[in-house]
Amino acid sequence: LRNPIGTLLFAAAALTNDRVRSDPARLDKVTSTIRSNAERLSWLVDNLQRLARLGDPLDVPSQQHIELEALAAEVARQLEEMAAARGVSIRIGRDLPTLFGDPAHLELILLNLVSNAIKYSDSEKPECFVEIAVCGDTSAEDVCTVCIRDNGLGIADADQPAVFDRFFRAHSHLDQELGNSGSGLGLAIAVECVKALGGSIRCESAVGHGTTFFVTLPRREPQSPARANAAAS
């Protein structure tokens with residue numbers, strides 16, 4: 001929060017300088033700086049609000065059956081401009097299953113994981129992609145593992161244990177080179193959403209090869225004790 005606020009204060013002070021106000025190029029640069037940092041501050045506050053609300057007992061999720069293929073297509077639509085700007089193709093696997101849970105939580109998981117994959121794509125590769133698909137044991141009736149896989153920069157072994165920690169960013173040193181910015185909250189939010197859905201998440205990555213996130217989620221509505229006893233009788 002301090003970084004964009006500090007930049008905004010500096011830029012606001014520059015607007016009182018007569019030389020800046022009389023120079024269209026410098027004035028345009030200062031106003032652009034104000035706009036971009038205000039947008040970043042707004043984005044950061046939105047993410048903090050999402051993270052806070054995930055732990056709110058009054059924020060009751062909408063439990064329903066979710067067509068994963070339709071939801072993945074919606075996430076791809078929302079991120080298509082970002083992906084096109086980086087030359088990344090978003091692939092959606094075939095025969096994606098129906099899951100059970102809160103679609104808003106699942107959408108937020110996919111948005112964070114796919115957008116991260118786009119941000120850290122490897123421009124040196126002839127074809128960059130991120131894929132949403134089912135992996136592992138597809139015969140299980142109670143759970144399903146969804147993979148979000150990319151062929152991007154990858155994450156160093158030393159950084160992998162901390163990737164889900166709040167405010168940790170493995171590639172912050174590449175921000176200027178890649179044109180990225182962030183708060184390090186995206187994966188932490190994804191973890192909280194996975195927990196809310198009764199699932200689990202893990203990461204495998206290799207520098208120069210890419211990253212895969214494995215999200216295991218329930219496929220069916222959990223039975224209450226009363227319903228389970230009735231079914232057994």
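Bear in mind that the values here come from a model prediction, so they are computed numbers and not experimental data. Computed from heavy atoms alone, side chains included, the values below leave out hydrogens, waters and symmetry copies. All residue numbers in this chain count up from 1 along the given sequence.
- Residues passing the salt bridge (charged side-chain N to carboxylate O under 4.0 Å, His left out) test with R77, sequence neighbours excluded: E74.
- In this structure, D150 contributes its side chain and G210 its backbone to no donor-acceptor pair below 3.5 Å.
- Between the CD1 atom of I109 and the CG atom of L197 there is a distance of 5.0 Å, given to the nearest 0.5 Å.
- Of all non-hydrogen atoms in V134 and C144, the two that sit nearest each other are CG1-SG, 3.9 Å.
- Between the CG atom in L111 and the CD atom in Q78 there is a gap of 5.0 Å [rounded to 0.5 Å].
- Residues forming a salt bridge (charged side-chain N to carboxylate O under 4.0 Å, His left out) with R91 (at least two apart in sequence, or on another chain): E127.
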### Criterion side-chain contact (heavy atoms from CB on, under 4.5 Å) on K29 and S32, from CA distance to verdict
CA-CA 5 Å; K29 185 175 181 180; S32 177; 5.7 Å; no

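- Residue L71 holds its CG atom at 5.0 Å from CG of L106, rounded to the nearest 0.5 Å.
- Taking CD1 from I155 and OH from Y120, the interatomic distance works out to 9.5 Å, rounded to the nearest 0.5 Å.
- Distance check, rounded to the nearest 0.5 Å: OG1 of T211 to CD1 of I148 gives 12.0 Å.
- For residues 7-23, every residue pair satisfying the salt bridge (Lys or Arg N to Asp or Glu O under 4.0 Å) rule, not counting sequence neighbours, is listed here: D18-R21.
- The CD1 atom of I118 lies 5.0 Å from the CG atom of L79; values are rounded to the nearest 0.5 Å.
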